[in-house]
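We count residues from 1, following the sequence as given. The structure presented is a predicted model; accordingly, all values stated were derived computationally and were not measured.
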Amino acid sequence: MTRFDSAKEIYNSWGVDVEAAMEKLSGIPVSLHCWQGDDVIGFDHDGPLTGGIQTTGNYPGKAKTPEQLMQDMDQALSLMPGKKKLNLHASYAIFEPGEFADRDRLEPKHFKKWVDFARERGMGIDFNPTFFSHPKMKDGLTLSSPDREIREFWINHGKACIRISQYFAEETGVPCVMNIWTGDGFKDVPADRMGPRMRYKDSIEQILSQPFDRSKVKPCVESKVFGIGVEAFTTGSAEFTLSFAATHEGCLPLMDNGHYHPTEMVSDKIPALLCFFPEIALHITRPIRWDSDHVVLFDDETREMAKEIVRCDGLERVYMALDYFDASINRVSAWAMGFRSWQKALLAALCTPGERLKRLQDEAGFTRLMVEQEAVKLLPLGDIWEEYCKRQGVPGDRDFYAEVKKYEDEVLIKR
């Protein structure tokens, strides 16, 4: 008997079908963010990151061209089990030599190479307008700026991104989640909190007035608790974005689990939102004390978020995407580690005897519930995970680093 066979029997004694769990997991798409590979720089500017974002570290081998970024992403994909989507920022437009279009003039053609890349790998594409790292961020503001010309520029950028999102959906055959997030805010206590938010509301409404097929484009609004340089006030707070999504048909709330106060848990918010929204979106990261965008690990909150999605029958209602950037370690490893960690969390959730535990709660069997919830934590998930990786044709945890190191020595270190 193999370790997997033994683990399978143990799970079966708890009423868990691990074969069904692995089959289910293999079909759940998770969106992989392009910006981990080049420290969120993109291809439409040469300057530093601005707008409340910061990447720390200087590990060798950063991708500097579209070709390098795609090459690194391919290597990362080869280390990840499961189904993937591609998540792009507008700043990753690819221009022909001598060509340039500012963000308000972007067209689908500027992303054709990404579409080709995704289609060849059987992936859909998600999209994000890039409201940072640009000269037309005036005084740290974009869609909420009191300067009408500045707002118009960014509104037009958002509309362009709606058109590009529909292009992605039509070309890949997969709906495109288009996420609106800005770092708009103030460093110190503002004299007017409502004015910027009313301008922000109007700007997003104008963006969403751009015609699009709601079955193909899924617009979202993402909140932020604070940012670097905007510590005192952010225009798109949690209350603002959630209220906007709730009052605008077809607009989804997007929760990034780094964008809340340290004592707030997104795992608790997921079932609350699923009571009211047919669909929601999630950016999965790992905050340490603040929105620091560390590589996702198989930690408590990561596992708890996955459990809530599965418990709530939300696998087809929650659009899941990774969002972090670490330049202090091998970037390909960071990409793959975060994806693998979220896959582990989903697998753990799918291998949890949820109905049994729910029944104990409903029957007020709280003592036994505590005992069994603790016992489930030590079930042999690792043996199921290794079998899942094997069936998906990717290395297990003990062989994972060897592949990363080989690619670093042969490719990354030579850049």
Side-chain angles (χ1 to χ4, degrees), residues 22 25-26 28-42 55-88 92 114 117-118 120-123 283-286 288 292-299 302-303 306 320-348 381-415:
M22 290 190 292
L25 180 58
S26 67
I28 300 168
V30 178
S31 202
L32 185 65
H33 56 313
C34 70
W35 49 94
Q36 164 56 42
D38 75 334
D39 307 341
V40 208
I41 296 301
T55 304
T56 57
N58 192 30
Y59 201 87
K62 178 177 73 173
K64 298 181 177 67
T65 67
E67 293 74 22
Q68 289 179 351
L69 187 60
M70 291 178 185
Q71 180 185 16
D72 292 354
M73 186 171 282
D74 264 337
Q75 178 62 26
L77 290 171
S78 74
L79 303 173
M80 302 171 185
K83 188 174 182 179
K84 299 93 176 173
K85 287 182 79 178
L86 172 62
N87 204 2
L88 294 175
Y92 288 81
W114 285 115
F117 177 88
E120 288 169 7
R121 290 151 186 81
M123 298 192 296
H283 274 189
I284 304 145
T285 188
R286 180 168 59 99
I288 295 183
S292 48
D293 287 294
H294 285 65
V295 177
V296 174
L297 298 180
F298 187 56
D299 61 8
T302 301
R303 295 179 65 173
M320 295 170 271
L322 300 180
D323 184 7
Y324 53 82
F325 31 94
D326 192 339
S328 69
I329 62 175
N330 182 296
R331 295 171 182 82
V332 171
S333 181
W335 246 333
M337 180 59 69
F339 195 96
R340 290 167 69 98
S341 296
W342 183 242
Q343 287 272 295
K344 281 182 187 176
L346 289 171
L347 181 62
L381 180 72
D383 295 324
I384 310 302
W385 169 253
E386 290 295 318
E387 179 68 16
Y388 177 66
C389 287
K390 178 181 175 182
R391 295 186 186 186
Q392 290 288 310
V394 304
D397 283 357
R398 295 194 68 179
D399 301 319
F400 167 69
Y401 179 71
E403 294 296 320
V404 169
K405 189 66 170 68
K406 179 182 177 184
Y407 185 75
E408 179 177 300
D409 292 342
E410 294 178 355
V411 178
L412 300 180
I413 207 71
K414 296 177 182 179
R415 288 181 182 165

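- Pairs passing the salt bridge (Lys or Arg N to Asp or Glu O under 4.0 Å) check and including a residue from residues 60-71, sequence neighbours excluded, do not occur.
- In this structure the side chain of Met320 never reaches within 4.5 angstrom of the side chain of Ser31, judged on heavy atoms.
- At distances below 3.5 Å, not a single donor-acceptor pair connects side-chain atoms of Thr55 with backbone N or O atoms of Phe325.
- Note on Glu386 versus Lys390: no salt bridge recorded, every NZ/NE/NH1/NH2 to OD/OE distance being 4.0 Å or above.
- Rounding to the nearest 0.5 Å gives a distance of 13.0 Å between CG of Leu79 and OH of Tyr401.
- Partner Leu322 forms a side chain to side chain contact (heavy atoms under 4.5 Å, CB included) with one of Val295, Ile284, Asn87 and no other, that one being Ile284.
- Atom CD in Gln343 sits 5.5 Å away from atom CH2 in Trp385 (nearest 0.5 Å).
- The salt bridge (Lys or Arg N to Asp or Glu O under 4.0 Å) analysis of residues 70-87, with sequence neighbours excluded, yields the pairs Asp72-Arg415, Asp74-Arg121, Lys85-Asp126.
- Of all heavy-atom pairs between Ile329 and Ala334, the closest is CD1-CB, 4.0 Å.
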Thr65 and Gln68: CA distance, side-chain angles, deciding distance, side-chain contact (heavy atoms from CB on, under 4.5 Å) verdict:
CA-CA 5 Å; Thr65 67; Gln68 289 179 351; 3.3 Å; yes
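- Scanning all heavy atoms of the two residues, the minimum distance from Pro395 to Ser78 falls at CD-O, 4.0 Å.
- Between the side chain of Ser292 and the backbone N or O of Ile288, at least one donor-acceptor pair lies under 3.5 Å.
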Residue pair Met80, Leu32: steps toward the side-chain contact (heavy atoms from CB on, under 4.5 Å) verdict
CA-CA 10 Å; Met80 302 171 185; Leu32 185 65; 3.6 Å; yes
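- Under the side-chain hydrogen bond (donor to acceptor under 3.5 Å, both in side chains) criterion, the residue pairs touching residues 320-336 are Trp35-Asp323, Asp39-Arg331, His283-Asp323, Asp326-Ser328, Asn330-Glu408, with sequence neighbours excluded.
- Side-chain contact check for Lys344 versus Asp397: some heavy-atom pair is nearer than 4.5 Å.
- Heavy atoms from other residues, nucleotides or ligands lying under 6.0 Å from CG of Asp409 number more than 12.
- Atom CG in Leu346 sits 11.0 Å away from atom OG in Ser341 (nearest 0.5 Å).
- Judged by distance alone, with hydrogens and angles left aside, the side-chain atoms of Trp342 form no donor-acceptor pair with the main-chain N or O of Thr285 at under 3.5 Å.
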Could you walk me through whether Tyr92 and Asp38 satisfy the side-chain contact (heavy atoms from CB on, under 4.5 Å) test, starting with their C-alpha distance in whole Å, then the side-chain angles of each, then the deciding distance to 0.1 Å, before giving a yes or no?
CA-CA 10 Å; Tyr92 288 81; Asp38 75 334; 2.4 Å; yes
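- For the atom pair OG1 (Thr56) and CG (Asp293), the distance works out to 10.0 Å, reported to the nearest 0.5 Å.
- Side-chain contact between Tyr407 and Gln71 is present, with heavy atoms from C-beta onward closer than 4.5 Å.
- Ala348 and Leu381 make their closest contact through CB-CD2, 3.6 Å (heavy atoms, listed as atom of the first residue, atom of the second, distance).
- Atom-to-atom distance recorded for Glu403:CD and Lys406:NZ is 6.0 Å, nearest 0.5 angstrom.
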Step by step, would you call Asp383 with Tyr388 a side-chain contact (heavy atoms from CB on, under 4.5 Å)?
CA-CA 9 Å; Asp383 295 324; Tyr388 177 66; over 6 Å; no
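- For the atom pair CE of Met123 and CE of Met73, the computed distance is 6.5 Å after rounding to the nearest 0.5 Å.
- Closest heavy-atom contact between Pro81 and Arg340: CD-CG, 4.0 Å.
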